[in-house]
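Following: one structure in structure tokens, then a few remarks.
Here is the naming used below: chain letters follow the sequence lines, and residue numbers restart at 1 for every chain.
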There are 2 protein chains.
Amino acid sequence: MSQKTTGKLAEAIRRGEVLSPDCPSREILKHVTSLWSVLVMVALMDGTHRFSELRRKIGGVSEKMLTQTLQQLEKDGFVKRVSYPVVPPHVEYSLTTLGSGISEQVEALTDWIEINLPTIIELQQTQTQ
Amino acid sequence: MSQKTTGKLAEAIRRGEVLSPDCPSREILKHVTSLWSVLVMVALMDGTHRFSELRRKIGGVSEKMLTQTLQQLEKDGFVKRVSYPVVPPHVEYSLTTLGSGISEQVEALTDWIEINLPTIIELQQTQTQ
DNA sequence: GTAAGTACATACAAAAAGGTAAGTGTCATG
DNA sequence: CATGACACTTACCTTTTTGTATGTACTTAC
């Protein structure tokens, strides 16, 4: 999708934003480029989940990390939190419209990794020789 | 490990790999979901760069971080390092075929963020009220 | 001859991320 | 009547990441 030979300037401008340290997109990128954020988004692409469901689904995540990640994603407007004031607490997490958009990109990345994993591992081994 | 899903089994299997803590894709994801890795890949999509070029291009990166990130990306087979044994050192970094593949996914993510940045910021502010 | 550029390595300190364990309050189950 | 599930919070500690500063070996420019 990118043309490298022509219009290098336009491309540089388009891309220059993330590369400059004071661009607000840097901040969002910092939040998104976190293992737990990525995994939460991938998990939520299957639909609404409760806290404990996410905890069980995302292997290796601690309660603390899950709480923090969900709060961050909520602040950024990617995740919607709905709390039902019932006696055993019931809270549901789901992706917002914006969250679905970014999750699609994130999922494309994780899918790519999973698909190309054999190639990656193979190359890593030939490299050692 | 144990899948409790009733209907979406195929989907769960497809996506279940990153969600399990002992899958090797987790490791790659850890490397890739790092601010500096993302920015290096985006920068290298414009073509081959020297170390100091990258340092200047990626705002806010320290020499140490750039070195570490490049070494990690090289280990994973995403970046190719070519060193010319000349008197003022000359080293060129570029994306491998594999690196180009993952960088496209990463770039799609950063592009999405930049495009939707106004919406994100807007929503963050209405949320505060 | 002093400074700057090249591409790093290394040491130390500061900051951030993450793990573990416990507490909260209410209810259902055994 | 004690335990566990629910959705967290808080405190404490360890680990990891990152920043800063320095050194290296050589050359060109001023």
task = Report, as a single string ordered 5' to 3', how protein heavy atoms within less than 4.0 Å touch nucleotides 25-30 of chain D: B base, S sugar-phosphate only, - not at all.
result = -SS---

note = Residues passing the salt bridge (charged side-chain N to carboxylate O under 4.0 Å, His left out) test with A/Arg81, sequence neighbours excluded, are none

note = side chain to side chain contact (heavy atoms under 4.5 Å, CB included) filter on B/Ser37, not counting sequence neighbours, yields B/Ser34, B/Met41, B/Thr69, B/Leu73

ask   = Has B/Gln71 got a side-chain N or O lying under 4.0 Å from the OP1 or OP2 atom of C/dC8?
value = no

query = For nucleotides 14-22 of chain C, read 5' to 3', which letter fits each nucleotide if B means a protein heavy atom sits under 4.0 Å from the base, S means only the sugar-phosphate is that close, and - means neither?
reply = ----BBB--

ask   = Which listed nucleotide (C/dT6, C/dA7, D/dA7) is nearest to the side chain of B/Phe51?
value = C/dA7

task = Check every atom of D/dC8, D/dA7, C/dA7 against the side chain of A/Arg81 and return the nucleotide holding the closest atom.
result = D/dC8

Charged N-O contact under 4.0 Å between B/Glu53 and B/Arg50 = no

task = With sequence neighbours left out, write down each residue that passes salt bridge (charged side-chain N to carboxylate O under 4.0 Å, His left out) with A/Lys75, or none if nothing qualifies.
result = none

request  = Report the residues that fulfil ring-ring contact (aromatic ring centres under 6.0 Å, His included) with B/His31, sequence neighbours left out, ordered by chain and then residue number.
outcome  = none

query = Does a side-chain N or O from B/Thr67 land closer than 4.0 Å to OP1 or OP2 of C/dC8, or not?
reply = no

request  = For A/Leu19 and B/Leu39, run side-chain contact (heavy atoms from CB on, under 4.5 Å): C-alpha distance rounded to whole Å, both residues' side-chain angles, the deciding distance at 0.1 Å, then the answer.
outcome  = CA-CA 7 Å; A/Leu19 294 175; B/Leu39 296 180; 4.1 Å; yes

ask   = What's the CG-P distance between A/Leu66 and D/dT9, to the nearest Å?
value = 11 Å

